[in-house]
Amino acid sequence: MTSLSESPAAPAPPAPSADVRLRLYRSMVEMRAFEKRAYDLFLQGLVKGTSHLGLGQEAVAAGFGVALRPEDYTFCTYRGHNHTLARGVPMAPVMAELMGRQLGLMAGKGGSMHLTSIPHRMMGSYAIVGAHLTIANGAAWSSKLRGAPEVTVCFFGDGTTNIGAFHEALNLAAVWQLPIVFVCENNRWMEYTPISSVTAVAHPAAGRAPAYGLDPILIDGNDADATFAAAASALERARAGGGPSLIEAETYRHGGHSRADPGKYRPDDEVAAWLARDPIPTYRARLVAAGVDEGALVRVEEAAQEAVDEATEQAMASPPPDLALVHRDVFSDGGATWRR
Amino acid sequence: MTSLSESPAAPAPPAPSADVRLRLYRSMVEMRAFEKRAYDLFLQGLVKGTSHLGLGQEAVAAGFGVALRPEDYTFCTYRGHNHTLARGVPMAPVMAELMGRQLGLMAGKGGSMHLTSIPHRMMGSYAIVGAHLTIANGAAWSSKLRGAPEVTVCFFGDGTTNIGAFHEALNLAAVWQLPIVFVCENNRWMEYTPISSVTAVAHPAAGRAPAYGLDPILIDGNDADATFAAAASALERARAGGGPSLIEAETYRHGGHSRADPGKYRPDDEVAAWLARDPIPTYRARLVAAGVDEGALVRVEEAAQEAVDEATEQAMASPPPDLALVHRDVFSDGGATWRR
Amino acid sequence: MAEMTYRDAVAYGIAQEMARDPSVVFLGEDIGSAGGVFKATVGLQERFGKGRVVDTPISEQAILGAAMGAAMTGLRPIAEIMFSDFFAVCWDIVANEIAKARYMTNGQVALPLVIRSGNGGGARFGAQHSQSVENWAMAIPGLKVVAPSTPSDVVGLLAAAVRDPDPVLFFEQKSLYATKGDVPDGELVDELGKAAVVRHGPAATVVALAAMVPRALAAADELAREGIEVTVIDLRSLVPLDVTTVATSVAATGHLVTVEENPRLCGWGAEVASIVAEENLFDLDGPIVRVTTPHVPLPAADALEDAALPNVARIVEGVRRSLA
Amino acid sequence: MAEMTYRDAVAYGIAQEMARDPSVVFLGEDIGSAGGVFKATVGLQERFGKGRVVDTPISEQAILGAAMGAAMTGLRPIAEIMFSDFFAVCWDIVANEIAKARYMTNGQVALPLVIRSGNGGGARFGAQHSQSVENWAMAIPGLKVVAPSTPSDVVGLLAAAVRDPDPVLFFEQKSLYATKGDVPDGELVDELGKAAVVRHGPAATVVALAAMVPRALAAADELAREGIEVTVIDLRSLVPLDVTTVATSVAATGHLVTVEENPRLCGWGAEVASIVAEENLFDLDGPIVRVTTPHVPLPAADALEDAALPNVARIVEGVRRSLA
Ligand SMILES: Cc1ncc(C[n+]2csc(CCOP(=O)(O)OP(=O)(O)O)c2C)c(N)n1
Ligand SMILES: Cc1ncc(C[n+]2csc(CCOP(=O)(O)OP(=O)(O)O)c2C)c(N)n1
Ligand SMILES: [Mg+2]
Ligand SMILES: [Mg+2]
């Protein structure tokens, strides 16, 4: 990668254990299978509204998902299917949410862009660029005040680094020395515009880290070993009271920005180069080369496929949400009544 | 100054010409005399509302005021008396505006925090922290699109560097290579809280410049020669198509944040150290040492005092604004009518 | 006369103004090479160049600040805020800066600028991408607020907005982008602040805006089938507000029903209703009924969203309630 | 029973809640060592420590984001937005995030938080530091909106807000900070959504909020001198809105006058007026009159600001107009 080679080479971290590697692979394979199905359902008109796939970016969510402890918090964006699954949220309610069914994770009230599962400490997917960085700080602040050994991880895209909330959030996290890890998934594109055309520095996150007194950390976001290592070290640092980290993970989305966008605005050779670096087959090859039994990998792949099939069935079988939900949960009494 | 010595020493720029030096001195003396009077009038209850004095910070506004061309644009904050006078706006309407009189620069409709004089290209004083940085970009963008050799200068405080609009404005200016100079007057305090306690880097502006691909520029904001030199070089760069600059000028406000605030929250030794570096007597001593006739300086001082006296008289003689103004100039037809 | 979509009318209208006046510039996210996320600005960058049609970073405050500063210094910018929900991230520039500059400077500053934005629900995008926020703008003194319901109104009102010396917020209803209508040939310039009476009938006055206009007309059709003929007014502009057209109609019908997409509290419907309750109370023969989205954030699922937004049945029922 | 200022009641009320519940934390600009720019939070940092009373950078989005995230994870934050005008720089966190989180997550997220803010005019601060923006908040589904008019209401309603499981925007009217009133001894906890009838009279119902309450009472005194006895209702809370108290009173008096400090269009007065025009039209014996600031940004000069804000004479005139 040009951009990676431009930056000082970090020493390769030690490879994770075989068990961790298998978990990383399983996690990526599940995400991939899930999102391919979501795309099919979108084309069939069964996923209404919009959906933003993370196809190609799985290694980031997987690396963190495996490194996180159950008590840690995740905040992510509208492109959050992967991060949600990575926290162990079951597939069926996620699929059902995309389809606007009663079984949905939020019974259809949030939709694809707002996946949230508080029991899994998946604290929400946010659709206004930048806002959730400030909210994630609040969870980390709360952990600190409560003296709880929890860390908050907050994912966002390259384009997000140019909005005001990014700046406010990073500065506050640094000043308050919060236990938080900010993860910028630099997939080189905002919606249809390249990040390089609208950003004053080459590395939108790493290039800004010193403005918050932080070390620039640039990693290969398509390498699950690298994302896991970066996650483990940043989480440890945060848990030990070392304050925030800002990690820029270089990656690429295989498809378009959202819905049925074919992503045709991107140069063919750029797309081809990144497809060749698909995080899943490359990781599979690495595991096989390292002596992992291919049968085990095949079983992982088959299990993921079965899980997706089952989730799809369950979601399809679910009815549309109860219409009474329109008037529920505006307020904590369960209702929507603004008058008395 | 500790903080200055921490940073790499810049080679001393050549001293400005004797004529420029006298203009710098005059400008500072006028500002000082004007603001002292404004403070007296505030204590007498004749300046209503609020007012934010720049006593002690005159060298920044003066350096730029002298270096600017008539076609250049200025944007500043609620602490903008100095910058307004520095553009040649007469004292009487400024004083009258502070007092809420018909003669006021905006006939009392804006008040102390919103001084604006479009004919002087003093494009406004803005009271929401950070906003005007984005607006100043617009003027610079317009100059660039129109092919006009105008430069925009935008002043703001240290506290402003932590709000989102700062980040968005700096990035856009850099990406669009706008002819603009951002000047952070770091007076070490926001309202009553020290900037160092809420900022992740030691130099709130200079420490962030690299995040926008800009050089860190840190100057002694109490030295009119230094502010003039920095202004001249940044203006030249911008006019030549070299894009934006971000200058951090270290300075101090002698009084409190606003109104009658005595500024007691600041350590006595800090205040004393900065009072000893008052930009006006130190500059006067430098001029005298350089052989400038003291009589000329005294004449400048007397003239400033007379101008302030005259402005005060004119302002006091002016009646309150015509009450019909309440309903004027919401819209361009001169009126406030939202219905038909 | 050409038939075109509401979507295409946007680019057509912008092009009309950019071709006419070189000081008109256009900026926003993904508006240029991509032609806009709603494909409403296709072809403009090719035609007018990257200098005048500019893709920006995701920096809404910087976008609107740039528009304001440019408007102060000789340009006539059109800025896009992609979804009107995003006004919340740059509301300061709109409400505290753009709206107040002329007044605070005693008329020194003129801000001939337009801010276009995709507004409203119906696309199952969920609560953060579906709001109708024209009432946020109406509540701020110093802004003009326009919301067309047809392709020809898009063109004519956009031209009027661009030529207007005041800042105009121009709400394009997302659910109308795919609708079609005739646009007259030649230069089309409308007038801000004139409502259109789009259907005449003596039984009641139904006042609607944007996507609620076709729904109000459908409700009128349904009522007509049982012999109730209502007047339907398309407000088209909230500021200036055509109180005269509404009041004249209410004087004739004695009944007022407002139909708005925004949530219940403090919308333009409340404003119109309370103007009539103050100035024309004794013209009324029945209660003023407001049909709105209930006071809830919009849900994402299609079934839920459809249940939340005002529909023909609820408008019909609203008219009946006023007549009862 | 102690007499104290509205200003001191704020610190007193916050202290009551912080002493009771260790999960209550307080953050904002200059609130700690400086005791707040309005001196309304003096002594809290000394008493509760820098961990629980935190001075922040000038980063309103970060302040409210932190409050939201903390509320999601076990704390009950109170955040200060120094002047309510500054809601415009963080409106996204308020309107798109805090207001919608519970709904979008189908009830998974609770946000027990309070955002306090200095609201309103009268201090000659000019258009960017004088707005009454409670109507911005009222228009957003999911927020509760409170605005006390007396020191004891400050304490009691603040306690209710802090203990409420929903996000509450708590508007402190700047022009009331120096006013005094009695505050009962002991723990004081009020209830959200109950208006107070602060004066009884059969001629008309005058509904006011915050700084407009004393003005409405003064107007009532003046009208009483000519034998017109009106009812004055202090709404105290906009969401929940005590429609019952207003409607009951209007049923008795037949006349409604609303008095609000915010600019003309789409304020809470319009909402109240249109509710009555929909639900109680036939109780009315005269037009519903809204007394508001005209639809202009507030001017700075004392003479101009006084001419813009609703005053006793305009309220009296408004009542007369309804009775005419
Ligand atoms: C404040 C705001 N502005 C604009 C948008 C529209 N929008 C949604 S996603 C997106 C691109 C975000 O790019 P990036 O941060 O790189 O994330 P990616 O989509 O590549 O994961 C934009 C502009 C938004 N949702 N919020
Ligand atoms: C968005 C916003 N937040 C808060 C304030 C209140 N406020 C006015 S001046 C000020 C301090 C600004 O500090 P700095 O930028 O250092 O400028 P200085 O006053 O020192 O010149 C604050 C917090 C404001 N006007 N706008
Ligand atoms: Mg991206
Ligand atoms: Mg400062």
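Owing to the predicted nature of the structure, the values given are computational and were not obtained by experimental measurement. The sequence lines fix the lettering, A, B, ..., with proteins before strands; numbering per chain opens at 1.
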Take D:E271 and A:R339 through the salt bridge (charged side-chain N to carboxylate O under 4.0 Å, His left out) test and state the conclusion after the steps.
-> CA-CA 12 Å; D:E271 183 60 40; A:R339 62 190 282 171; over 6 Å; no
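Heavy atoms of D:I98 lying under 4.5 Å from chain A are absent altogether. For a residue to count as touching a neighbouring chain, one of its non-hydrogen atoms must lie under 4.5 Å from one of that chain's; by this rule A:I118 touches chain D with backbone and side chain alike. Interface remark: A:A131 contributes backbone and side-chain atoms alike to the contact with chain D (heavy atom separation under 4.5 Å). In this structure, chain A has no heavy atom under 4.5 Å from any part of D:V89. Only the side chain of D:I275 comes within contact range of chain A, with at least one heavy atom under 4.5 Å from a heavy atom of that chain. Heavy atoms of A:L325 lying under 4.5 Å from chain D belong to its backbone as well as its side chain. With a threshold of 4.5 angstrom between heavy atoms, D:L192 approaches chain A through N, CA, C or O but not through any side-chain atom. For D:N96, the part sitting under 4.5 Å from any heavy atom of chain A is the side chain, from C-beta outward, and nothing else. With a threshold of 4.5 angstrom between heavy atoms, D:V145 does not approach chain A through any atom at all. When heavy atoms are compared at a cutoff of 4.5 Å, D:Q108 approaches chain A by way of both its backbone and its side chain.
Proximity of D:M72 to A:F75: side-chain heavy atoms (C-beta onward) are separated by under 4.5 Å at one or more points. A heavy-atom distance below 4.5 Å is found between the side chains of A:T134 and D:I93. The side-chain heavy atoms of A:F331 and D:K144, taken from C-beta on, include a pair separated by under 4.5 Å. Under the 4.5 Å side-chain criterion, counting only non-hydrogen atoms from C-beta, D:L75 is in contact with A:R146.
Top candidate by heavy-atom pairs under 4.5 Å with chain A, chosen from D:T56, D:V25, D:L238, is D:V25. Looking only at heavy-atom pairs under 4.5 Å with chain A, the residue among D:G107, D:A195, D:P112, D:G74 that has the most is D:G107. Between chain A and the options D:D242, D:V239, D:D92, the largest number of non-hydrogen pairs under 4.5 Å is found for D:D92. The residue among D:K194, D:M104, D:R102 with the most heavy atom pairs within less than 4.5 Å of chain A is D:R102. Taking D:K100, D:M138, D:E279, D:R52 one by one and counting their heavy-atom pairs under 4.5 Å with chain A, the maximum is reached by D:E279.
Here the closest heavy-atom approach between residue A:V326 and residue D:Y103 is recorded as O-OH, 2.7 Å. Taking every heavy atom of both residues into account, A:A165 and D:Q61 meet most closely at CB-OE1, 3.7 Å. In plain terms, the two heavy atoms of D:D55 and A:W176 that are nearest each other are O-NE1, 4.3 Å. Closest of all the heavy-atom pairs between A:L145 and D:G51 is CD2-O, 3.4 Å. Nearest approach of A:V330 to D:P141, heavy atoms of both residues: CG1-C, 4.3 Å. A:W141 and D:A66 make their closest contact through CE3-O, 3.9 Å (heavy atoms, listed as atom of the first residue, atom of the second, distance).
Applying the side-chain contact (heavy atoms from CB on, under 4.5 Å) criterion to D:A62, with sequence neighbours excluded, gives A:E168, A:L172, D:S59.
From D:D164, atom CG reaches atom OG of A:S332 across 5.5 Å, with rounding to the nearest 0.5 Å. Taking CD1 of A:I135 as the reference point, atom CD of D:E97 lies at 4.0 Å (rounded to 0.5 Å).
By a heavy-atom distance cut of under 4.5 Å, A:L105, A:M106, A:A107, A:K109, A:G110, A:H114 are the residues of residues 99-114 of chain A near chain D, going up by number.
Side chains of A:S142 and D:T73: a donor-acceptor N/O pair is present below 3.5 angstrom, by distance only.
For D:T244 (side chain) and A:R340 (main-chain N/O), a donor-acceptor pair under 3.5 Å exists by modelled atom type.
The number of heavy atoms from other shown groups lying within 6.0 Å of CD (A:E236) does not exceed 12.
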